Amino acid sequence: MEENEQKQLPTFESLDELVEFFETNSLGDYWESMPEVHFDVDIKRHRHLVELDADLVDKLRTAASDQHMSTEALVNSWLREKLSQAS
């Protein structure tokens, strides 16, 4: 195939078919056939990083696991609780 010749993107019956196709084919070969899309992104959630001592993180992970929740959820819950008590 010549370098400037583009392949036509086949049609797919499902997302699984599309994924399977691109597991064995290069997206670059079909780049010109890809539809152009436009979308807006409205990011409202922010993440804040806080440094914690390693031993404290280990204890938090254990406590979260004991309560069948993520460490992040546990920390947020405890902080909300503590802040409501402080005010």
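Positions are given from 1, in the same order as the sequence printed here. As the structure is a computational prediction, the values presented were derived from the model and not from experiment.
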- Report the distance from atom CG of Leu18 to atom CD of Glu23, rounding to the nearest 0.5 Å. 10.0 Å
- Message: Just verifying a value: how many Å separate Arg61 CZ and Leu74 CG, rounded to the nearest 0.5 Å?
- Response: 12.5 Å
- For residues 64-78, pull every pair meeting side-chain hydrogen bond (donor to acceptor under 3.5 Å, both in side chains), keeping only residues two or more places apart or in separate chains. Arg47-Glu72
- Message: Test side chain to side chain contact (heavy atoms under 4.5 Å, CB included) on Val50 and Val75; report intermediate values, then the result.
- Response: CA-CA 11 Å; Val50 177; Val75 168; over 6 Å; no
- Counting heavy atoms not belonging to Glu13, are there more than 12 under 6.0 Å from its CD? no
- Residues passing the side-chain contact (heavy atoms from CB on, under 4.5 Å) test with Asp53, sequence neighbours excluded, are Asp55, Leu56
- Can you find a heavy atom in the side chain of Leu27 that is under 4.5 Å from one in the side chain of Met34? yes
- Note on the structure: Residues at least two apart in sequence or cross-chain that pass ring-ring contact (aromatic ring centres under 6.0 Å, His included) with Phe21, listed by chain then number, are Phe12, Tyr30
